[in-house]
Amino acid sequence: MTSTGSTPAAGLRRALLGLCVTETTSWGLLYYAFAVLLEPISRDTGWSQSALSGAFTCGLVVSALAGIPVGRLMDRHGPRPVMTAGSVLASASLVLIAVVPTLALFYLGWMLAGVAMSAVLYQAAFAAITGWFQKGRVRALTTVTLVAGLASTIYAPVTDVLSRHLPWRAVYLVLALVLAVVTVPIHLVVLTPAWRTRPAAHLDPAAVPGAWRLVRGRRFIAVAGALTLGTLGAYGPTLIVIPLLVARGMDMSLAVLTFGLLGAGQLLGRIGFAPLSARVSPGVKMAVILGALGLFLALLAMVPGPIWLLILLAILTGAARGAMTLLQATIVADYWGTSRYATIAGLLGMPVTLAVAIAPWAGTAVADGVGGYPAAFGVFAAVAGAVGIASVGARRYERPSPVAGGGSRAPQ
């Protein structure tokens with residue numbers, strides 16, 4: 001990887017702008033469009049919405065597993081070839097999803113999309129930005145996540161308009177074309193800042209004993225556990241927010257609007273991340289974000305109203321969730337340095353992405369198990385809060401690890 005000083009500033013700016021465009025488009029078309037098209041697909045095919053959601057979840061699981069080899073490829077070859085190939089595969093997978101005649105092939109299409117997601121969504125973009133920007137990475141990461149945070153705002157309405165005039169299969173063909181036209185050329189032409197490749201032996205965890213020590217080490221287990229449980233706490237309530245708000249006295253339209261404001265809250269959290277990151281250590285930063293998430297979830301579980309206060313708490317919960325995105329993006333460099341960011345991020349991201357995949361199901365299952373939505377929010381609040389408190393202990397691991405080339409002899 002090269003530092004900012006050895007890479008032309010204009011090339012870095014173009015690459016950052018390009019990633020803003022491609023991340024927004026990729027998230028909008030690969031992730032958010034499915035929620036809009038779920039009901040039309042079920043109505044046309046007769047496949048149940050739970051079966052269709054299972055295909056999407058399967059894609060997310062594949063994305064988590066594929067993130068490990070994709071991370072090694074990123075470290076070895078750089079972002080340009082990996083993300084370009086990912087864009088091509090993403091477009092092809094949407095075409096397959098559009099034309100498949102059976103549910104089994106629909107699942108196959110989403111599994112291919114999952115591989116593509118691992119090469120084009122945040123994990124890949126974060127690796128590229130960290131490698132190129134080094135010390136300026138927090139500002140660059142914040143920029144990309146702020147812009148890409150508008151993906152649902154832009155592409156969900158676009159998909160909805162298309163679905164009102166076209167069959168869902170035609171909509172996915174249009175989305176595949178848009179994805180190819182927007183992302184493939186940008187990844188191919190714009191992601192050109194220099195990337196210092198490393199010998200293959202230094203990139204394969206199977207060939208480097210230090211990488212296996214890293215995964216088994218106390219530091220990796222502690223950070224991965226905190227992020228995974230924190231993610232479960234953040235995303236577990238996703239499908240039960242609206243029912244909770246309705247039970248608190250909101251009408252459905254206002255509850256849906258409030259749910260949408262979670263996205264606005266995420267933007268606020270990302271804006272606030274940089275000043276927080278500059279003032280506190282990584283362990284304290286993780287504790288503050290997860291602790292805040294636990295607090296806001298607990299208040300949603302306990303506070304019956306008034307409505308304006310519930311809306312405010314929803315926005316604050318979204319802010320904590322938005323800050324968590326940047327926490328995951330920066331934590332690898334904070335603890336292990338930047339020389340093998342993509343490889344380590346792939347290993348760390350696997351359990352976190354799996355948590356994202358199962359969290360919506362977990363939310364409904366917990367609500368059924370504990371007998372109500374407020375109690376379920378209380379469970380997720382307890383999880384996030386406990387992990388936040390435990391994260392204070394991560395301060396002992398804050399020096400860079402020698403496994404990642406950081407040069408310190410801190411315990412792993």
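When reading the values below, keep in mind they use all heavy atoms of this one structure, side chains included, and skip hydrogens, waters and symmetry mates.
Side-chain contact between L146 and I271 is present, with at least one heavy-atom pair separated by less than 4.5 Å. L267 places a side-chain heavy atom less than 4.5 Å from the side chain of L150. Here the side chains of L191 and W132 are in contact, with some heavy-atom distance below 4.5 Å. Two residues are said to be in side-chain contact when any heavy atoms from C-beta on lie closer than 4.5 Å; T145 and F126 meet this criterion. For the pair V223/I331, a side-chain contact is recorded, criterion being any heavy-atom separation below 4.5 Å from C-beta on.
Under the ring-ring contact (aromatic ring centres under 6.0 Å, His included) rule, F106 has a single partner from Y172, W47, F56, which is W47.
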| said: As a quick check of understanding, evaluate side chain to side chain contact (heavy atoms under 4.5 Å, CB included) for K285 and F273, giving each step before the final call. | reply: CA-CA 9 Å; K285 177 171 59 181; F273 181 85; 3.7 Å; yes

| field | Check against side chain to side chain contact (heavy atoms under 4.5 Å, CB included), Q123 and S118 | value | CA-CA 7 Å; Q123 188 167 299; S118 70; 5.8 Å; no

| Derivation and outcome, ring-ring contact (aromatic ring centres under 6.0 Å, His included), residues Y155 and W27 | CA-CA 9 Å; Y155 285 105; W27 275 102; over 10 Å; no

| Given the rule in the side chain to side chain contact (heavy atoms under 4.5 Å, CB included) test, do I289 and L276 qualify, once you have shown the distances and angles that lead to the verdict? | CA-CA 10 Å; I289 293 170; L276 174 67; 4.0 Å; yes

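Distance alone, capped at 3.5 Å, places no donor-acceptor pair between the S42 side chain and the E39 backbone. A distance-only check finds no donor-acceptor pair linking the side chain of R321 to the backbone of G265 [under 3.5 Å]. Looking at T84, its side chain never comes within 3.5 Å of a backbone N or O of P81 through a donor-acceptor pair. Not a single donor-acceptor pair under 3.5 Å links the side chain of W110 to the backbone N or O of S53. Between the side chain of R270 and the backbone N or O of V144, no donor-acceptor pair lies under 3.5 Å. For the pair R248 (side chain) and P304 (backbone), a donor-acceptor distance under 3.5 Å is absent. With R279 contributing its side chain and P275 its backbone, the two residues share a donor-acceptor pair below 3.5 Å. Checking side-chain atoms of T57 against main-chain N and O of G54 turns up no donor-acceptor pair under 3.5 Å. In this structure, S87 contributes its side chain and M83 its backbone to a donor-acceptor pair below 3.5 Å.
Heavy-atom minimum distance, G230 versus L290: CA-CD2, 3.6 Å. Scanning all heavy atoms of the two residues, the minimum distance from F133 to L16 falls at CZ-CB, 4.1 Å. When every heavy atom of V138 is checked against every heavy atom of T142, the shortest pair comes out as O-OG1, 2.7 Å. Nearest heavy atom pair, residue W195 against residue A128, reads CZ3-O, 3.9 Å.
Between the OG1 atom of T258 and the CG atom of L254 there is a distance of 4.0 Å, given to the nearest 0.5 Å. Between atom CD of residue Q266 and atom CG of residue L268 there is a gap of 10.5 Å, rounded to the nearest 0.5 Å. One finds the CG atom of L175 at 11.0 Å from the OG1 atom of T25 (value rounded to the nearest 0.5 Å). Remark: T330 OG1 to Y335 OH distance equals 9.5 Å, nearest 0.5 Å. In this structure, L19 CG and I186 CD1 are separated by 9.0 Å, a value rounded to the nearest 0.5 Å. Atom CG of L300 sits about 7.0 Å away from atom CG of L245, to the nearest 0.5 Å.
Shown here is Y373, whose OH atom has no more than 12 heavy atoms of other residues, nucleotides or ligands within 6.0 Å.
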